[in-house]
Amino acid sequence: MTEKPLSEQEIIRRQKLQELENLGINPYPPESFLVNVTAKDIKQNYERDKLNYKDVSIAGRIMSVRDMGKAAFAVIQDATEKIQIYIKRDEICPDENKKLYDIVWKKLIDIGDIIGIKGYVFTTKTGEITIHVLDLNLLAKSLHPLPVVKVDESGKAHDAVTDPEFRYRQRYVDLIINPPVKDIFIKRSKIIQSIREFFNNKGYLEVETPILQAIPGGAAARPFVTHHNALDTSLYLRIANELYLKRLIVGGFDGVYEFAKNFRNEGMDRTHNPEFTGLEIYVAYKDYVWMMEFTETMIEKVVADLYDTSLLEVGNNKIDFKAPFKRISITDAIKEKTGLDIAHATETELKSLCKKHGIETEETMGKGKLIDEIFSILCEKDLIQPTFVIDYPIESSPLTKKHRNKAGFVERFELYINGQEIANAYTELNDPIDQYQRFEEQATLKQKGDDEAMYMDYDFIRALAYGMPPTAGLGVGIDRLTMLLTNQHSIQEVILFPQMRPEKILETEKENIP
RNA sequence: GAUUCCGUAGCUCAGUCGGUAGAGCAUUACACUUUUAAUGUAAGGGUCCCGGGUUCGAGUCCCGGCGGAAUCACCA
């Protein structure tokens with residue numbers, strides 16, 4: 001509870017709580033309530049199997065009430081959807097005592113309360129499938145008024161709560177009153193389930209690796225720092241799990257994967273949350289060519305599991321997820337846009353290309369960063385259909401094996417869909433001496449002032465020195481994949497509790513805790 | 001971190017030129033035994049985000065702060 005004085009409505013509800021207790025009704029009863037049907041089940045199956053719905057028991061939250069004196073209609077919502085109920089005074093109160101209806105139902109039960117009812121299903125004269133209530137139980141009293149969203153005949157919502165701050169801070173309310181929100185998170189769960197099933201069917205092992213790391217490795221990003229008291233040492237929240245999964249490949253597993261919460265101490269916007277979910281998988285004896293086929297098969301399956309089709313409308317685009325996806329090298333992609341073959345361009349030529357297209361550059365930017373910049377500004381947004389962009393410059397890929405026949409490039413692909421990067425994969429660098437040199441180059445960049453350059457990790461070098469089989473690795477941004485597959489514009493819409501500045505009321509309350 | 005916009009009842013929102021704070025829903029009371037954005041009648045409910053300033057007078061104008069959103073930068 002907050003320090004704020006109670007509103008009129010909250011005071012009234014607390015009084016009702018007392019009155020319920022005076023009547024001997026526990027507003028928070030401990031017993032289980034036996035539920036034998038869902039609202040969705042009734043709505044889908046009642047018409048063709050009426051006999052099956054003569055004795056239903058269902059629980060849910062009251063969303064609206066239409067009171068007509070000695071009878072009333074209300075709408076309850078369970079985990080599946082809303083359904084109308086019909087309560088007649090003389091049926092729930094067959095004898096002289098009408099208290100349950102006149103006092104409990106009409107005065108003490110409110111919108112937002114959770115009730116359990118028993119009765120039978122029928123169709124009203126206006127044709128709505130409705131539960132005729134014979135038995136009414138209060139299961140939990142609601143003390144905080146629930147915003148009421150009314151939906152008219154055309155399905156249009158009136159007075160819908162759209163304020164993002166309200167919706168994200170009180171996601172529990174958002175989930176109750178904005179049904180499409182719930183659907184997004186059900187789909188998110190299905191996406192993860194579908195991917196996990198795809199991997200498990202191939203015999204790959206789901207593992208867990210450290211979130212608290214002494215050396216934050218596997219990506220170029222600023223980490224969160226924390227402190228371990230007993231060890232008296234700084235630890236970092238992981239920015240990626242890549243180096244640990246590869247250690248497991250050294251250890252003899254031939255396929256390992258992890259859905260990993262990663263943490264990056266950087267800006268927040270509609271595509272970035274400080275904690276986000278990455279999926280990484282590493283498979284021994286494979287290369288990035290194999291990984292492309294693996295990835296497109298997986299994405300096609302996930303989309304099919306969700307929608308039973310490979311065609312999806314995302315924003316204004318129609319996207320076809322049918323494998324195989326298009327492949328294009330980053331050099332060809334840039335050549336198509338600019339006419340310049342960056343494979344043989346010097347740093348000065350790249351900088352003048354940037355200038356020509358109005359791309360800002362910095363002194364510290366090497367060839368790799370320049371090419372990244374040119375690509376992301378000129379090419380990315382036009383990659384609508386699923387496209388593998390392949391063969392990146394070596395400078396910005398310190399964990400990737402050198403290309404088998406393109407000097408200065410590595411065996412890496414990124415998957416773009418709807419102008420967004422969805423996945424990133426390599427033929428993993430398993431040459432310990434080469435890896436050591438790449439880390440050294442990163443260290444030099446760090447000295448030059450690049451605070452996102454990777455840290456040297458001697459233990460990882462030691463692991464590679466024991467011998468890591470040739471390996472292909474893939475990383476997928478689960479939040480962004482979910483955004484894509486649920487047609488959401490903002491990452492906050494696909495994370496249940498997105499990061500927000502702590503609420504002030506709660507801060508002052510904390511000080512009041514003895 | 002920068003810029004722009006926003007903050008009024010539990011919720012959604014009006015609020016004119018600076019002059020007594022408004023509506024719908026929700027709440028309370030009464031009526032109503034098949035309604036469905038139920039209906040009818042009546043009532044209550046406000047730290048106008050916070051703090052300064054200008055003014056006879058500020059929800060309104062100015063400055064600062066807090067919170068949010070959008071765009072940009074960093075990044076996935």
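Chain letters run A, B, ... following the sequence lines, proteins first and then strands; every chain starts at 1.
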Interface residues of residues 257-265 of chain A with RNA chain B (non-hydrogen, below 4.0 angstrom): R264(A)
Nearest-angstrom distance, C1' atom, rC56(B) to rU39(B): 49 Å
Please write out the pairs of protein N or O atoms and N or O atoms of nucleotides 30-32 of chain B separated by less than 3.5 Å, giving the distance to one decimal.
from	atom 1	to	atom 2	distance (Å)
rC30(B)	OP2	K107(A)	NZ	2.4
rC32(B)	N3	D67(A)	O	3.4
rC32(B)	N3	G69(A)	N	3.3
rC32(B)	N4	D67(A)	OD2	3.4
rC32(B)	N4	G69(A)	N	3.4

Counterpart base for rG45(B), defined by Watson-Crick or G-U wobble contacts under 3.5 Å: none
Minimum-distance nucleotide (side-chain atoms of R501(A) versus rG68(B), rU33(B), rA76(B)): rG68(B)
Proximity to the side chain of P145(A) - top-ranked nucleotide from rG10(B), rG45(B), rU71(B): rG10(B)
rA38(B) phosphate, OP1 or OP2, under 4.0 Å from K150(A) side-chain N/O: yes
Any pair counted as salt bridge (charged side-chain N to carboxylate O under 4.0 Å, His left out), so long as it reaches residues 141-152 of chain A, sequence neighbours left out: D110(A)-K141(A), D113(A)-K141(A)
Spacing of the P atoms in rU55(B) and rA21(B) (rounded, Å): 22 Å
Touch class at under 4.0 angstrom, heavy-atom based, for D479(A) against every strand present: nothing
Euclidean distance, atom CE of residue M500(A) to atom P of rC66(B) [Å, nearest integer]: 16 Å
All side-chain contact (heavy atoms from CB on, under 4.5 Å) counterparts of A72(A), not counting sequence neighbours: D67(A), Y101(A), W105(A)
Distance between C1' atoms of rA29(B) and rU8(B) (Å, rounded): 28 Å
Distance, rounded to the nearest Å, where Q492(A) contributes CD and rG67(B) contributes C1': 14 Å
Nucleotide forming a Watson-Crick or wobble pair with rC56(B), both distances under 3.5 Å: rG19(B)
Interatomic distance where CD1 belongs to I62(A) and C1' belongs to rA26(B) [whole Å]: 14 Å
Verify stack between F276(A) ring and rA76(B) base, 5.5 Å, 30 degrees: yes
Heavy atoms of other groups near K99(A) NZ, more than 12 under 6.0 Å: no
C1' atoms of rC13(B) and rC30(B), separation to the nearest Å: 29 Å
Rounded distance (Å) that lies between atom P of rC25(B) and atom NE2 of H158(A): 12 Å
Y455(A) six-ring face occupied by K446(A) cation (under 6.0 Å, within 45°): yes
Whether over 12 other heavy atoms sit under 6.0 Å from K190(A) NZ: no
Any R167(A) side-chain nitrogen or oxygen under 4.0 Å from OP1 or OP2 of rG68(B): no
Minimum side-chain heavy-atom gap M483(A)-E493(A) below 4.5 Å: no
Results of ring-ring contact (aromatic ring centres under 6.0 Å, His included) for F199(A) - residues two or more places apart only: Y257(A), F294(A)
Qualifying residues under ring-ring contact (aromatic ring centres under 6.0 Å, His included), relative to H158(A), sequence neighbours excluded: none
Integer angstrom distance from the P of rG22(B) to that of rG46(B): 13 Å
Residue matched to rG64(B) through Watson-Crick or wobble contacts both under 3.5 angstrom: rC50(B)
Nearest-angstrom distance from the residue atom OH of Y168(A) to C1' of rG67(B): 15 Å
Inter-nucleotide P distance (rU54(B), rA58(B)), Å rounded: 11 Å
Whole-Å gap separating C1' (rA69(B)) and CE (M268(A)): 12 Å
With sequence neighbours excluded, residues passing side-chain contact (heavy atoms from CB on, under 4.5 Å) with E347(A): K351(A), L370(A)
N/O donor-acceptor pair, side chain Q9(A) with base rU28(B), under 3.5 angstrom: no
Distance-only donor-acceptor test, D269(A) side-chain atoms vs rC72(B) base atoms, 3.5 Å: no
Nucleotide rA76(B), atom C1' - distance to CE of M483(A) in whole Å: 11 Å
Upstream residue (5' side of RNA chain B) when R13(A) and A160(A) are each assigned their closest nucleotide: A160(A)
L146(A) CG to rU27(B) P, straight-line distance once rounded to whole Å: 11 Å
Who pairs with rU71(B) - Watson-Crick or G-U, where each distance is under 3.5 Å: rA2(B)
Check: I129(A) and Q84(A) side chains under 4.5 Å, non-hydrogen atoms: no
Set of residues satisfying side-chain contact (heavy atoms from CB on, under 4.5 Å) with respect to V225(A), sequence neighbours excluded: S234(A), Y236(A)
ring-ring contact (aromatic ring centres under 6.0 Å, His included) against F388(A), all qualifying residues, sequence neighbours excluded: F325(A), F413(A)
First encountered from the 5' end of RNA chain B, between P147(A) and V151(A): P147(A)
Flag side-chain contact, heavy atom, 4.5 Å: I83(A) against K43(A): yes
Side-chain-base donor-acceptor pair under 3.5 Å for E165(A) and rG67(B): no
Pairing partner (Watson-Crick or G-U wobble, both distances under 3.5 angstrom) of rC11(B): rG24(B)
OP1 or OP2 of rA37(B) under 4.0 Å from side-chain N/O of K156(A): no
Complementary nucleotide of rU34(B), counting Watson-Crick and G-U pairs under 3.5 Å: none
Short heteroatom pairs, N/O only, protein and nucleotides 21-24 of chain B, under 3.5 Å:
from	atom 1	to	atom 2	distance (Å)
rG24(B)	N2	D159(A)	OD2	3.3

Salt bridge (charged side-chain N to carboxylate O under 4.0 Å, His left out) contacts in which one or both residues fall within residues 123-140 of chain A, not counting sequence neighbours: K118(A)-D135(A)
Qualifying residues under side-chain contact (heavy atoms from CB on, under 4.5 Å), relative to E414(A), sequence neighbours excluded: Y392(A), R412(A), Y416(A), E421(A), N424(A)
R66(A) side-chain N/O to rU35(B) phosphate OP1/OP2 under 4.0 Å: no
Touch class at under 4.0 angstrom, heavy-atom based, for G267(A) against every strand present: base
C1' gap between rC49(B) and rC6(B), integer Å: 12 Å
rU27(B) to rC63(B) separation - C1' atoms, rounded to the nearest Å: 40 Å
